[in-house]
**Q** 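This structure is in structure tokens; I'll ask about it shortly.
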Amino acid sequence: MRALTKTAAGVGHLEILEAPRPVAGPGEALVRIGPSGLCGTDLLLYDGVYRGRKRPVPAPLIVGHEASGEVVEVGPGTHWPAAGTRVGIEAVTGCGQCYHCLRGNYNLCQDWHHLGLTRSGVLAEFVVVPTASLLPLPDEVTLESAAFLEPLATAVHSLERVRPAPGTSAAIVGPGPLGFLHLQVLLASGVGPIVMYGRPGDESRLALASALGAETFIGDRRDFAAHAADVTGGIGFGLAIESGGTSSAIQSALDIVAGRGTLVSLGIIPATEIDVLQVMRKELTWIGVVASVRRHFAEAIKLIQLGKVRPEALITHRLALGDALAGFEALRQRRAVKVMFTVTA
Ligand SMILES: [Zn+2]
Ligand SMILES: [Zn+2]
């Protein structure tokens with residue numbers, strides 16, 4: 001089968017290679033991959049700057065972790081799901097034995113496996129995963145929308161942690177896919193007004209944000225603070241979502257969140273100096289959110305099924321897997337919101 005493969009550590013080393021079709025063992029399923037999304041984390045891997053947990057990123061590695069598909073067969077002694085079942089695919093599995101795994105928070109397992117980071121990913125024709133990572137899809141949920149389940153589950157996870165009251169004002173710093181999925185889930189939850197902040201170069205992405213119901217603003221850190229003071233009467237936003245993955249994004253979020261407000265950190269940010277004093281002076285609640293667990297996937301499926309979230313609206317590029325590197329460049333240049341690959345074409 002064809003597979004987008006990181007062949008060695010360091011910058012680059014990403015190519016389409018032939019790989020053997022994997023074989024499902026007991027408790028596993030072979031899935032034919034449908035649409036498969038590109039994530040900012042894949043770009044970090046491509047650039048050789050992704051920092052993993054206890055388990056190193058192996059090489060070679062088939063990358064990608066956002067996909068849906070159809071079950072081809074299950075392993076010996078395994079009876080679910082039936083061949084032909086359309087499924088969403090969870091990216092994370094825990095060790096099952098540590099403190100966090102025993103409490104169901106396997107997204108915090110230091111010994112985790114993650115599709116496309118520690119084990120073969122989904123930018124390929126097939127993948128083998130534990131059947132416990134599969135979620136059957138209702139008829140109303142297309143394979144393309146289900147390819148968003150992994151990042152959408154992270155947004156559901158955020159909302160579970162924050163529990164924002166309807167009418168809370170919110171700012172999203174960083175117009176990437178995770179920011180847009182937060183926008184849709186926050187709007188569905190009665191949060192508003194919502195402002196999405198971007199940098200020069202983000203114009204086309206912010207045009208999409210405004211079509212989806214956000215107010216938008218482009219500038220730098222100082223401009224954001226002035227704009228936020230202006231639109232909130234000097235109070236700041238009750239909720240600030242950092243999804244930019246840069247030190248200036250987290251600093252901006254700290255600048256524009258209100259006293260007693262909540263800040264959510266989602267980006268993978270290099271070690272950085274920020275003005276932490278604001279956490280104390282503003283009596284902030286600062287919530288980190290990483291990945292998701294099964295219940296967040298289940299709720300994400302429901303949000304799509306009910307039409308509360310329409311993730312396909314975020315697709316700016318539909319490409320064949322053979323054009324993978326063009327997709328990476330569109331993401332790097334911030335022309336893309338979501339790049340969706342058709343793996344079998
Ligand atoms: Zn991702
Ligand atoms: Zn564990």
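Each ligand, and each atom within it, is numbered from 1 in the order the structure gives.
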**Q** Suppose you place the vertex at the Zn ion (ligand 2); what is the angle out to Cys95 SG and Cys101 SG, to 10°?
**A**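 Approximately 110° at the metal, rounded to tens of degrees.
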
**Q** Quick one: CD on Glu150 to CD on Glu66, what's the gap to the nearest 0.5 Å?
**A**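 So the gap between those two atoms works out to 5.0 Å.
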
**Q** Would a 4.5 Å heavy-atom cut-off, applied to side chains only, mark Asp42 and Leu14 as touching?
**A**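 SC-SC contact between Asp42 and Leu14 ruled out.
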
**Q** Report the relative orientation of the aromatic rings in Tyr197 and Phe224; use parallel for angles under 30°, tilted for 30 to 60°, perpendicular for over 60°.
**A**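 Tilted: the ring planes of Tyr197 and Phe224 meet at 30° to 60°.
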
**Q** So, 2.8 Å as the limit: is an N/O/S atom of Cys109 located closer than that to the Zn ion (ligand 2)?
**A**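 A backbone or side-chain N, O or S atom of Cys109 is under 2.8 Å from the Zn ion (ligand 2).
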
**Q** Work out the angle at the Zn ion (ligand 1) between NE2 of His65 and OE2 of Glu66, rounded to 10°.
**A**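 Centred on the Zn ion (ligand 1), the NE2/OE2 angle is 100° (to 10°).
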
**Q** Decide salt bridge (Lys or Arg N to Asp or Glu O under 4.0 Å) for Arg55 and Asp111; before the verdict, give the C-alpha distance in whole Å, the side-chain angles of both, and the deciding distance to 0.1 Å.
**A** CA-CA 6 Å; Arg55 253 179 235 280; Asp111 200 22; 3.2 Å; yes

